[in-house]
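Input: a single structure, listed below in structure tokens.
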Amino acid sequence: MKHDVIAVIDFGGQYAHLIATKVRRAAKVLAEIRQPEDPVSAFAGCKGVIMSGSPSLASFGEDSDWNKAILDLDVPILGFCFGHQEIAKHYGGTVIHGRQEWGRADLHLTEEHPLFKGLGPVETVWMSHFDSVTAVGPGFRELGWSVLGANAEPHRFAAIADDTRRRYGFQYHPEVDDSVHGDEMIANFVLEICGCRPTWTMERYVEEQVEKIRAQVGDRSVFLLASGGVDSTVAARLFVEALGPERLELLHVDNGLMRKDESRLVVEMFRDMGLGEHLHFIDATDTFLASLAGKIEPEAKRRAIGDTFISVFESEARRLGITGHLLGQGTIYPDTIETGGTKRADTIKTHHNRVPIIEEMIKAGKVIEPLADLYKVEVRELGEKLGIPHDMIWRHPFPGPGLGVRLLCSDGSAGDADALGKITPAVQAAAAPYGLQAMPLPIRSVGVKADLRTYEHPVLLHAPAATDGGEYDWDALAEASGTIFKTVGGLNRSLLLLGEGLPKQCRTLAAQMTRDRLELLRECDDIMMSALRRHGLYDQVWQCPTVLVPLEVDGRGRELCIVRPILSERAMTATAARLPRRLLDEVRAQTIALTEISAVAYDLTSKPPGTIEWE
Ligand code: XMP
């Protein structure tokens, strides 16, 4: 039996894929992404269309060139945010610029409608828009209005419908987890309005992927880069399912950027999975460090690491006499989108499995990536279906470039110290009402704002009131960070200095990617990860990068260590985890006992505007 299909039009950013995932998971219906300029024929056979939102800065605007003939299709069409505004406009409504809303709002429904089947009269939804619908054309009516904030004016036309034409619009983003019953609304559209049959299941996904893998591989074999992380391990199991172990070879590369003891544990794990015979191991630390020598800029480091993976892989394939193979990778969907791999996405970070050499190999049909459509939550679900041990599946994600993107390097120059001096008073003024001291730091890290990459400075905060050993006031810290980002440009992260007061001044140190510094970072990371386990919090935290920054804050040439425990579901957004004071005090004490570390800070930044990794 063929699946029914919903087409999701990708107007930019991360939305379309998130919608497609929600259609699959909430309604168990297959969703496929289409482009706004696609001809109507590309929509043949689909049972409904969802038009995504669009990131504000890249908005399509008045002169948008999308193919409006799509609106003539004789199937139900539902728009979210930008899609909603385009539908309203097309059918004679009015959209104005500047009536913006950001955050959670209450949606008040004005009538019962199949789109809201099973839901209450007031629903929490997520708003993120500059433009608004202020009137609808003939045939349309308002299904709901919204209110955001205590004293705000009601926002009309938050949900609209024309049941005769079967055209609908939501101003909010039901695909975002903050829209509490967004999944139900999406499922109602797909099942109630479009009449799709719910046939998509993870079991069927496995069956379909197995077929696809067999078809793509033919009589060749797969040589898989196996980091030991969740993604490549699940990919390995899926390849075994499709091809049997005989046509799968695994290569685990110790790139010198792994966690403490990691490679040893990975090799053991593959042995336990019965794949030991097919696992090859190489310690390529020297090759990776040579490729990183002198590199400071995050993208340059990422490209060097990605390229070196391929050269090591190819030379190992030659050495082992493995020929006629495809390169297997555990690439998941966020890897492609953050690398700018979809039509309208900015390159936020080039993931190690998406460097130009690999893009070339993909074009030449030499790469196989059976998970490239999935988010981490789905990969984990798939892993459980395939019988991979629970502990393995629920390990924290660890990026391919490993500690390479957590060990900041610098040529030691003052950089834009003057510019920072100029914004310092504004930063201090924004932090003062919260009882916080603040200073911008002369280092930079990668972040994301309105779906675009940033490379900006962090602000370091200190909470003098917390020196009595009580819990930190996380709400005040989060609010202060938001105020600082809003009032002062050029900042994309906020850090809380644990313990002592703010330094009088700080200075960047000249520092490279060396074995010694990597060893130091491994120790810091091990302290933090052990603390999470000791306090029983490992499973509550989604991921926890530890970062080493060549920043002197004590006048003695020692570095700053930063811990970044976060909560997330799909890695596309994240918030800082709020850990108990006792754990943080222990981590700080153990970390500054390492003689090369002067201080420890806690990364408070949500994503956006920060990314999870620093580079
Ligand atoms: P960011 O830092 O972009 O990270 O918020 C999102 C998620 O992706 C992981 N990450 C990577 N994973 N190769 C990977 O396999 C990479 O190059 C890479 N860069 C980031 C990151 O750890 C987080 O889980």
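For Arg302 and Glu615, the salt-bridge test fails: no basic side-chain N is under 4.0 Å from an acidic carboxylate O. A salt bridge is defined here as a Lys NZ or Arg NE, NH1 or NH2 lying under 4.0 Å from an Asp or Glu carboxylate O, and Glu586 with Arg582 meets this definition. The existence of a salt bridge linking Arg354 and Asp335 is excluded, since no basic side-chain nitrogen approaches an acidic carboxylate oxygen closer than 4.0 Å. For the pair Asp416 and Lys422, the salt-bridge criterion is not met [side-chain N within less than 4.0 Å of a carboxylate O].
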* Trace of the side-chain contact (heavy atoms from CB on, under 4.5 Å) decision for His173 with Met127 -> CA-CA 6 Å; His173 286 273; Met127 293 288 187; over 6 Å; no

* To do: Would you check, one step at a time, whether the test side-chain contact (heavy atoms from CB on, under 4.5 Å) holds for Glu262 with Leu403?
  => CA-CA 12 Å; Glu262 181 75 10; Leu403 302 183; over 6 Å; no

* Decide yes or no on side-chain contact (heavy atoms from CB on, under 4.5 Å) for Glu456 and Leu491, but give the supporting numbers first. => CA-CA 5 Å; Glu456 296 179 320; Leu491 303 171; 5.7 Å; no

* Asked: What do the steps show when you test Leu579 against Leu532 for side-chain contact (heavy atoms from CB on, under 4.5 Å), and what is the final call?
  -> CA-CA 9 Å; Leu579 299 184; Leu532 287 177; 3.9 Å; yes

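Pro399 places a side-chain heavy atom less than 4.5 Å from the side chain of Arg406. Side-chain atoms of Pro503 and Leu497, non-hydrogen and from C-beta on, do get closer than 4.5 Å to each other. At a threshold of 4.5 Å between non-hydrogen side-chain atoms, the residues Pro609 and Thr454 do not count as touching. Counting heavy atoms from C-beta on, the side chains of Pro550 and Thr508 never come closer than 4.5 Å. At a threshold of 4.5 Å between non-hydrogen side-chain atoms, the residues Ser52 and Glu175 do not count as touching. Here the side chains of Glu378 and Leu382 are not in contact, with every heavy-atom distance at 4.5 Å or above. Proximity of Gln428 to Met439: side-chain heavy atoms (C-beta onward) are nowhere separated by under 4.5 Å.
Summarising the local packing, CD of Glu471 is surrounded by more than 12 heavy atoms from other residues, nucleotides or ligands at distances under 6.0 Å. Environment of CZ in Arg533: crowded, with over 12 heavy atoms of neighbouring residues, nucleotides or ligands closer than 6.0 Å.
Not a single side-chain hydrogen bond (donor to acceptor under 3.5 Å, both in side chains) links Ser146 to another residue, sequence neighbours left out. Residues satisfying the salt bridge (Lys or Arg N to Asp or Glu O under 4.0 Å) criterion with Glu123, sequence neighbours excluded, are absent altogether. With sequence neighbours excluded, the residues forming a side chain to side chain contact (heavy atoms under 4.5 Å, CB included) with Ala438 are Val427, Ala431, Val459, Leu461, listed by chain and number. Residues passing the side-chain hydrogen bond (donor to acceptor under 3.5 Å, both in side chains) test with Trp474: none are found, sequence neighbours excluded.
When each of Leu407, Val549, Val446 is tested with Trp614 by the rule side-chain contact (heavy atoms from CB on, under 4.5 Å), just one qualifies, namely Val549. Remark: of the listed residues Phe189, Phe116, Phe157, Phe116 is the sole one forming a ring pair (Phe, Tyr, Trp, His ring centres under 6.0 Å) with Phe170.
The structure places OG1 of Thr331 at 12.0 Å from CG of Asp373, a figure rounded to the nearest 0.5 Å. Distance check, rounded to the nearest 0.5 Å: CD1 of Ile96 to CG of Asp131 gives 8.5 Å. Distance OG/Ser128 to CZ/Phe80: 14.0 Å, rounded to 0.5 Å. Taken to the nearest 0.5 Å, the CG atom of Leu509 stands 11.0 Å off from the CD1 atom of Ile443. Note that CZ of Arg493 and NE2 of His457 are 13.0 Å apart. Values are rounded to the nearest 0.5 Å. For the atom pair Met528 CE and Cys561 SG, the distance stands at 9.0 Å (nearest 0.5 Å).
A donor-acceptor contact closer than 3.5 angstrom is absent between the side chains of Gln171 and Trp145. In the model, Thr21 has no side-chain atom that pairs as donor or acceptor with a side-chain atom of Tyr333 under 3.5 Å.
Using bins of under 30°, 30° to 60° and over 60° for the plane-to-plane angle, the ring pair His97/Phe130 lands in the tilted bin.
Among all heavy-atom pairs drawn from Ala430 and Pro433, the shortest one is O-CD, 3.5 Å.
The six-membered or imidazole ring of His17 lies near that of Tyr375, with a centre-to-centre distance under 6.0 Å.
Within the structure, the side chain to side chain donor-acceptor pair (under 3.5 Å) test picks out the following pairs touching residues 588-599 (sequence neighbours left out): Glu500-Arg588.
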Please tabulate, one pair per line, all N/O donor-acceptor pairs under 3.5 Å involving side-chain atoms of residues 537-547, not counting sequence neighbours.
from, atom 1, to, atom 2, distance (Å)
Tyr538, OH, His396, N, 2.8
Trp542, NE1, Ser568, O, 3.4
Gln543, NE2, Pro397, O, 3.1
Gln543, NE2, Glu613, OE2, 3.2

